Every structure is written in C-alpha cells, then in structure tokens.
Amino acid sequence: IEGIFTNNSKLLEDKLKSLGVEIDDQIIVRREVYNNYKNICRINRVSISLNKLTEIAEYFGDIHQQNDTLKLINPKNYLEFIDSNIDNQIFNEYQNMFALLKDKKIELQTLIDRQKQFSEQEDFLRYQLMELENSKLNVKEEEELLEKIKRVNNSEKINIIVNDFKSIYNNDEILDKLYLSIEYLKSLEKFLPKIKNDIVDLEDCYYRIEDIISRIKNTNIDIVDNNEINFINERLYIYSNLQKKYKRKTVELVELKEELLAKVNSLENFDFDLKEKEKEILIIESKVKKIADLISEKRKAVALEIEETTNSHLKELHLNNTLFKISFEKTSITKTGCDIVDFLVSFNKGEELKQLSKVASGGELSRFMSALKTSINSKLNSQLFIFDEIDQGVSGVVAQSIALKLKTISKDNQVLCISHLPQVAAIADNHLKINKEIKDNRTITTIKYLSFDERVYEIASMISKNKVTESSIALAKELLNE
C-alpha cells in the first residue's frame, strides 16, 4: 500500500525531520503487509515502526468515519473539536507540568506511607541502631584483631621458624659468597662488556636479600598480656555475634547502621520534609493552574469563533432556526485542563438551549458535523480530509447543502468522500467506483476511475436505486453540469 502526499504542512515536515526522514517535494508513505502478519513501513525510503507511523498519521490528514458523527452525542469528545484549533505547544507544556505534579504527589504519598511504616517500627529501629552504634564496628579493626589473635595463638610456632631462619644466616656465609660472585663478574666485565646488566641485577639481589635478612632477624613477637587477649576475644565475639544475628558481614553491618540512621533521621525530620514537599507541590500546582487558565481562555476564544461560523453554516444547511452554543464549566485540574465543555443547541425558535447529545436526530447530527468540520478545517494542520458517509441519514436539498460544504472544504484541502448520494458524487472533481466481487472463494476489491459517461450512468443508478432510466440519466447530467 502506497500513498503520495504533496503540499504538506510545515508541522508534518518538522515531525518527519525529527524522525530522520528527508523531505522532498513529495512524501511517499509505503506499508508492506505479508502473510505472516509482518509489517514493513517506510516514509521516503526510511524504515519506521508501525507505532510511529500511526502516531504521525494525524498530521497527514483528517479521517471522518461513520461513527465520528456519534462523537457529537458524547460530551467527552467536545474538547477535541476545540483543542484541534489551538497550537500544541501550550498543551505540551501543560502535560509536562501536570505529569510533574502527579509525580510529586506520588512522592508525597510515598513519604507519608514510609513514615507510617517507620513509625510502626520506630522502637525496633532505634534498638537496632543503638546496638550497632554501641558496638563501634569497623572493618579495619576486625581485620587487625583477627591478625593479632592469629599471631598470639601461633606465637610459639612463629618463634621456632624465625630462629631457624636466623640460624641459616648467622655466619653470613651466603651473603659473602654472593658478594664474591659479584667481584668475579666485575673482573670479567672488561672482557665481556655484555654482562654489565647481569652484575647490576646481582648487586640488586645482594642488597635486597641483605635487607630482608636484617628485618627477619630483628623480628620480635609482641608479648601480649592476658588482659589484652581477653579484650581481643571480647571484641571478636561482638563481631561474630552480630554477624550471626543479622546474617550479614561486617561491611554490610556498617551499611545497615547507616540505613537505620537515615530511617531514624527521616522520622525526626518528617514534619520538615512533609512541609517542604507540600510547598513544592503548591508551587507546581500554581503553575499548572496558571497554564490551565491560559488554555481555558484560548478555548473560549476559539469556541466563540466556532459558534459564529457553525451557526452560519447551519443556516446554509437548512437548519435556519438552529442556535448553537458552547458552554464552559470550570472544574479541578485534570490531564486535559480545568474545563468541562458541552455543546448546546436549540433547533426551533423560542426553545431553550439543550444538550446536543440529547436532542439531535441522525440527519441533524450529519449536518451538524458537516458544519463543524467546515468551521474548523481552515485551522487544522491537515491538507487531506477523508469523509466516510458524512451524509448518512440525509437526502434531497439537505444532501445538496452538505455536498456544497464538502466542496468548500476542498478549495483549500484534498477531500476524499465515500458516499451513496448522487448530489455528493456529482459535485466532486473526480469519481472513483469501488466494487467488491468474489473470485475463487476470495473477496476482491477493485477501484475504477470513471469517465464522464460512466459517471452519468453511476449517478443515474444512485438516483433511481440501481434502475437506470432516461429520466435519471437526464437528471445525472444536469447534476454534473451544475
């Protein structure tokens, strides 16, 4: 399936550029659908997801389907008609601020819930914190204590090994031999210069070994008295006991202490934190209300324009005594703003305004939608309008009026209209016939571009309910030549 679009709006072009699509004189949208339900979508040869294509489809055109007329009997849809005439920037700003307000309210509730949870556990949290703080746990201290007690427990063995080591080097025989080796090599160097590096390495070994021997010889095992041993064992017992109790290592116990401290502090600082969060929410809420009020003002200004133009178009659609009014009721802020909108109408002089959703018939709704679309089309970002039986439920002179309204819209936009009315078909610049037939147990849909004579026959068929007569042919020609 492929569609070619020209004379596109700047808004659509900017949207496509943000997706990395290069813009030429025309925009080619292509969607390939395979038997395995796989989809490949492209715009000007750039691959794009089906979700993204659906998202930007509204910028290509406005599609009016049969059930769209029913939107007029659902007040929830009325804001959509008004907001389509207002720049999206203020709505984006409002949505961002409203989302921020929602997030801050969630944070406030989380703070309250956490406070409640901590309050229920306060005594236990304080007990754990006091226990860990009094224990004065320290990872480095534990390591040093373990090393120290290990030396104490193995002091006799350590002394034996150190003494054995000292006995090996008591007469310095090994160092003397190493020193003598270095002297021999130095004498040899004048004949073999390449051994110079070996001499340097050997000298380095000599001094390093000498240093090591000196340190080990001077090693003394600290004498630890019983009091210190008892202290070490008591501290290690505290570490071991807490590790078993909390099922955590020392480093984790230190982290737990910090967590408990933060929870206890949050209990003590709750009132302050609560007031700060509430203050933050009030500031954001004020900004949201301010933007909502600006949107409301813009909506009311647009509503007045829609009222005036729609009332004018309604008269042209033979609803001469009809009066249309858009009412506003202020409400608390929601994701759409602070307005509840209703469409009020009186179809007869002297009658009070009533909700359109409760008083309009099918034909009246069709004419109303035609008038409304004509009113707002000049401000929409679309250049393409697709109407699927907007003339449903009307006939005669009213059908002709709707046809004229569609012609008016087509002066500034591309209009595709699916219709069974001869008046609408005749006023179009081009006529395509859609036909369905069954071949090999499959339904095949065909579209044929009709010549003038074919149009005459098709419109005549519409006029006389598929029984073409000389009179219906004459009338069809008359409609086409108007």
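The structure displayed is predicted, hence computed values, not measured ones.
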What class does the angle between the rings of F324 and F343 fall in, given that below 30° is parallel, 30 to 60° is tilted and above 60° is perpendicular?
perpendicular
Check whether any side-chain N or O of T310 sits under 3.5 Å from a backbone N or O of I306 as a donor-acceptor pair, and report yes or no.
yes
Interatomic distance, CD1@I284 vs CZ@F98, rounded to 0.5 Å, equals 12.5 Å
Rounded to the nearest 0.5 Å, how far apart are CG of L260 and CE of M130?
12.5 Å
Partner of E131 under salt bridge (charged side-chain N to carboxylate O under 4.0 Å, His left out), chosen from R126, K136, K245:
K245
Look only at the side chain of T54 and the backbone of L50, and say whether a donor-acceptor pair between them is shorter than 3.5 Å.
yes
Heavy-atom side-chain contact between N311 and L314 under 4.5 Å:
yes
From CD (E258) to CG (L129), nearest 0.5 Å:
9.0 Å
Looking at side-chain heavy atoms only, is the closest gap between I434 and T446 below 4.5 Å?
no
Charged N to carboxylate O under 4.0 angstrom, K277 versus E280?
yes
Separation between CE of M462 and CG of L479, rounded to the nearest 0.5 Å
11.0 Å
Taking atom types as modelled and ignoring hydrogens, do the side chains of T469 and S471 form a donor-acceptor contact shorter than 3.5 angstrom?
no
Side chains of L274 and E278, heavy atoms from C-beta outward: is any pair under 4.5 Å?
yes
Verdict with reasoning, L323 to V345, per side-chain contact (heavy atoms from CB on, under 4.5 Å)
CA-CA 6 Å; L323 178 63; V345 67; over 6 Å; no
Salt bridge or not between K330 and D339? Use side-chain N to carboxylate O under 4.0 Å.
no
Does the side chain of D429 come within less than 4.5 Å of K407's, by heavy atoms?
yes
Decide whether D342 and S327 meet the rule of one side-chain donor and one side-chain acceptor closer than 3.5 Å.
no
Would you please test L53 and I43 for side-chain contact (heavy atoms from CB on, under 4.5 Å) and show each step?
CA-CA 9 Å; L53 180 60; I43 300 180; 4.0 Å; yes
Check: Y457 main-chain N/O paired with S461 side-chain donor or acceptor under 3.5 Å:
no
Can you tell if the side chain of I40 reaches within under 4.5 Å of the side chain of R31, non-hydrogen atoms only?
no
Ion pair check, K104 and E107, cut-off under 4.0 Å
yes
Would E351 and N348 count as having a side-chain donor-acceptor pair, cut-off 3.5 Å?
yes
Would E142 and N138 count as having a side-chain donor-acceptor pair, cut-off 3.5 Å?
no
Residues forming a side-chain hydrogen bond (donor to acceptor under 3.5 Å, both in side chains) with E32, sequence neighbours excluded
R30, Y34, R42
Hey, does I82 have a side-chain heavy atom less than 4.5 Å from the side chain of V341?
yes
Worked verdict on V424 versus L406 for side-chain contact (heavy atoms from CB on, under 4.5 Å):
CA-CA 8 Å; V424 175; L406 294 175; 3.9 Å; yes
Under 3.5 Å, is there a donor on one side chain and an acceptor on the other for Y239 and E141?
yes
Using a strict cut-off of less than 4.0 Å between a Lys/Arg side-chain nitrogen and an Asp/Glu carboxylate oxygen, indicate whether K279 and E276 qualify as a salt bridge.
yes
In Å and rounded to the nearest 0.5 Å, what is the CD1 to OH distance from I291 to Y94?
8.5 Å
Under 3.5 Å, is there a donor-acceptor pair between the Q243 and T250 side chains?
yes
Check against side-chain contact (heavy atoms from CB on, under 4.5 Å), N265 and L261:
CA-CA 6 Å; N265 286 338; L261 182 61; 3.7 Å; yes
May I ask you to decide if Y237's main-chain N or O and N241's side chain share a donor-acceptor pair within less than 3.5 Å?
no
Please report the shortest heavy-atom distance between K349 and N321, naming the atom on each side.
CE-OD1, 3.6 Å
When you compare the side chain of I427 with that of L404, does any pair of heavy atoms fall below 4.5 Å?
yes
